[in-house]
Amino acid sequence: MRPPGEGPPAKRPKAMLPARPAVQPRGPPPAEQQRRSLPIFPVRGRLLGHIRGLDSAVVIGETGSGKTTQIPQYLYEAGIGRQGTIAVTQPRRVAAIALATRVSDEKKTELGGLVGYSVRFDDLTSDETRIKFLTDGMLLREAIGDPLLRRYSVVILDEAHERTIHTDVLFGVVKAAQKKRKQLGKLPLKVIVMSATMDVDLFSEYFNGAPVLYLEGRQYPIQVFYTRQPQSDYLQAALVTVFQIHQEAPSAQDILVFLTGQEEIEGMTKTCRDIAKHLPDGCPQMMVIPLYASLPYSQQHRIFRAAPKDCRKVILSTNIAETSITIPGIKYVVDTGMVKAKKYRPETGLEVLAVQWVSKAQAWQRTGRAGREDSGICYRLYTENDFEKLNQMTIPEIQRCNLSSVMLQLLALRIPNVLTFDFMSKPSPEAIQAAIEQLVLMGAVERKDNQLVLTPLGRKMAAFPLEPKFSKTILLSPKFHCTEEILTIVSLLSVDSVLYNPPARRDEVQSVRRKFISSEGDHLTLLSIYRAFRNVNGNKGWCRENFINSRNMMLVSDVRAQLRDICVKLSMPIESSRSDTGNIRRCLAHSLFMNAAELQPDGSYRTVDSHQAVAIHPSSVLFHCKPACVVYNGLLHTNKCYMRDLCVVDADWLYDAAPDYFRRKLQAAKN
DNA sequence: GAGCACTGC
């Protein structure tokens, strides 16, 4: 069943007819039998018949239809696209790896043979590989080396409804490659966009009116309830709802509650546990489990453990449980309707992280988490009227981000005019312009004969899988003889924080971390942590004692090795500044000069660039300090406008870094 | 004086 309100898209064509049951003299082997039991199997023939003759197709499939595992195999088995490889993109690494493993099993081949995968740091493909699962970001990276995607005969863009920034850029890249290959008379490129039941018209229109094929799925019915009145306090409402369910429903039925963030979830966890201690006799026990991305793996895994008898699992989660983590056995979903999400204001260059309403699509996604194994129930803690007022879809990431990376990539892809690039959902002209300005300021892009071209520096920057400002920092580092240190710092900054901060043990964390702190700022503090980590060879016990996230630390080593390889390929000299931190700070001043702030007489800070009032983020080691001049990695607007990851610099260095820029700033200030 | 949704190259 479809939840009420989602409804089938208006232009839904005739449902596909089931094919005749296949007659087999002997029963097929179990794996084959399993494949044949999928909802997609009966329509295999018709599906292939359609796709064979098309350049592009949109496939809409509900959860459990089997589209992602079966369609690539059907195409391969039918000899469609045999002249090349079939690429299937996924937004997430784990999904790409899991799907490749599954399909490889079904084909009874060794993973990395006929079926393989390619994700960052992990490539399991060979010359034999004909079905390749990869992250969308990985295919984009490949496209920079080969914009026509020549090795692929079919590109399947899966989970397109999630509209990640990479998928959105890929839409344009594959469309352009398809057109160009046709013009040049090369092997045609077939494009298949796969999505849940959303955005259909948009996808179809974008790919020149590509036909839309629908697949039924296997989802259990879910009852949806709304509140009668709007709730002024969604946390209170969630609490009441959870305990109401708890007192009425059998204890084997678990509850998943969607909340907005770590702090809220930790607070709610504590409240629930306190209340659960004083429940009336005869009421089942309650196991309350928080879930959010920065939680260590070991704690995230607790959600998969079955609760003891007469005990109910209640999982309090961020939107990580919407897509990234599937929790088995959820009967009830409690949806607060709220999410913490990033917005981007191009006029100020500010990213704003704010609690806001979910979209309808997101609300349905949350609801669907209750019907994975059996029928379910979803409580929406808002009125039906409020639901109707929600946006149809979540705004695609590409319209909520700083676009400097995207623009650099498009230029590296030799897109003729990046300002008019054929985006499915166009970012605002201001956002595109702001990104270009940033790239010009960094020296990555030049205007030549009214055209934007990549400078040699810009082309080198595009070789790094990093934000442009970080690539720039690395490329500047040989001048300051500190490439080894900058590689470490940039690697640390480009993964999730290596610092583990359990709120309950705050004092302990602070005292243990003191020994790493550099008065010169966060970059150098992180560097000293990494050096200490290397000195103990990544010892896990050491990480635990020092509240260091060892998983992220290992990742830093991987990133660093990858970046170092790229430096070697670019023939960069790689030197160490050893104990001289001055050069490291000079290098940071030269690459982050547009992100500088100065101490004001009243003790506050203002940016050098636009005189915006800013504050030092509480996570910074400089939070209690008042350095005269700093550069920072970025601004984050929550209650205040905060600078994150700071480095103490000399004001003179900034002027040396970009004299023209600061002269213009001074001029503008006078006028 | 006080805070950081989620991915990915």
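In the text below, chain A, chain B and the rest are named by the order of the sequence lines, each starting its count at 1. Heavy atoms only: backbone and side chains are in, while hydrogens, waters and symmetry mates are out.
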Pairing residues for [X] by the ring-ring contact (aromatic ring centres under 6.0 Å, His included) criterion, not counting sequence neighbours:
| X | result |
| --- | --- |
| A:Y379 | A:F225 |
| A:H617 | A:Y642 |
| A:Y605 | none |
| A:F171 | A:F203 |

Check salt bridge (Lys or Arg N to Asp or Glu O under 4.0 Å) between A:R369 and all other residues, then give those that pass, not counting sequence neighbours.
none
For [X], report the nucleic acid contact type (base, sugar-phosphate, nothing); a contact means any heavy atom under 4.0 Å.
| X | value |
| --- | --- |
| A:R163 | nothing |
| A:T135 | sugar-phosphate |
| A:R120 | base |
| A:F623 | base |

Under 30°, 30 to 60°, or over 60°: which ring-plane class applies to A:F421 and A:F423, parallel, tilted or perpendicular?
perpendicular
The complete set of side-chain hydrogen bond (donor to acceptor under 3.5 Å, both in side chains) pairs with one or both residues in residues 563-572 of chain A, sequence neighbours excluded, reads A:E484-A:R564
Residue pairs involving residues 620-630 of chain A (criterion side-chain hydrogen bond (donor to acceptor under 3.5 Å, both in side chains); sequence neighbours excluded)
A:D522-A:S620
Which nucleotide span of DNA chain B, 5' end to 3' end, has atoms closer than 4.0 Å to non-hydrogen atoms of chain A?
B:dG1 to B:dC9
Identify, residue by residue, the members of residues 317-325 of chain A with a heavy atom below 4.0 Å from DNA chain B, and return them in order of residue number, or none.
A:T318, A:N319, A:I320, A:S324
5' precedence on DNA chain B between A:V339 and A:S494 (nearest-nucleotide basis)
A:V339
On DNA chain B, nearest-nucleotide positions of A:R400 versus A:S405: which is more 5'?
A:R400
